[in-house]
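We use all heavy atoms of the structure for the numbers below, so side chains are in, but hydrogens, waters and symmetry mates are not.
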Amino acid sequence: MLSQIYHSSEARNQSEQNYIPLAQVERTHVETNAAAYYLNRRAQTLRGWHCKGKFPIDSLRPLVLNGRLAWSVAAIKAVMGGTAK
C-alpha cells in the first residue's frame with residue numbers, strides 16, 4: 001500500500017509541474033484539470049459544480065465545447081482574488 005501512496009503523490013507532483021503560473025496564462029479559457037489546479041480543488045469537484053449548477057460565483061460557470069468544459073481564466077482570477085500561483 002505504501003508504494004501506491006508514493007506513486008499517487010509522485011504523479012500529482014508531476015502533473016502540477018505542467019501548468020504555468022495563472023498570471024502568465026494568455027488563453028481565455030482552460031480545461032478542467034488546469035482550472036482545478038489553479039483553484040486548488042480536485043477536477044471532480046469542478047465537474048460536480050457543473051452537474052449541480054452551483055458555483056462559488058456565477059461567472060465561474062464553464063462553457064461546454066464538444067462535451068468538454070472550458071473554464072474562464074478571468075473568472076478563476078476573480079475567485080482567487082487577483083492572486084496567481
Side-chain angles (χ1 to χ4, degrees):
M1 180 147 174
L2 183 59
S3 63
Q4 291 174 340
I5 294 171
Y6 176 75
H7 174 71
S8 175
S9 65
E10 181 180 279
R12 187 178 307 115
N13 290 338
Q14 288 176 351
S15 68
E16 290 177 359
Q17 295 172 359
N18 296 331
Y19 298 110
I20 61 173
L22 184 58
Q24 296 176 2
V25 175
E26 295 179 359
R27 298 185 302 167
T28 59
H29 291 77
V30 293
E31 67 279 355
T32 301
N33 288 337
Y37 171 75
Y38 293 128
L39 292 169
N40 197 27
R41 298 288 182 262
R42 295 176 66 191
Q44 194 61 31
T45 300
L46 276 66
R47 291 184 194 103
W49 290 347
H50 173 69
C51 288
K52 293 177 182 177
K54 295 182 180 182
F55 303 93
I57 60 170
D58 195 48
S59 65
L60 194 57
R61 188 175 307 276
L63 297 176
V64 180
L65 304 171
N66 295 325
R68 296 186 181 249
L69 302 177
W71 300 84
S72 168
V73 172
I76 293 170
K77 288 180 180 178
V79 169
M80 299 303 293
T83 62
K85 281 187 178 180

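The heavy-atom pair separating Ala35 from Val30 by the smallest distance is N-CG2, 3.8 Å. In terms of heavy-atom proximity, Trp71 sits nearest to Ile76 at CB-CD1, 4.2 Å.
Sequence neighbours left out, the pairs with a member in residues 24-45 that pass salt bridge (Lys or Arg N to Asp or Glu O under 4.0 Å) are Arg27-Glu31.
In this structure the side chain of Asn33 reaches within 4.5 angstrom of the side chain of Tyr19, judged on heavy atoms. Residues Tyr37 and Asn18 fail the side-chain proximity criterion, which asks for heavy atoms closer than 4.5 Å.
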Distance-only criterion, 3.5 Å: show the donor-acceptor pairs between side-chain atoms of residues 45-66 and protein atoms not counting sequence neighbours.
residue, atom, partner, partner atom, Å
Arg47, NH1, Gln44, OE1, 3.3
Asp58, OD1, Arg61, NH2, 2.8

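Applying the side-chain hydrogen bond (donor to acceptor under 3.5 Å, both in side chains) rule to Ser72 yields no partners; only residues at least two apart in sequence or on another chain are considered.
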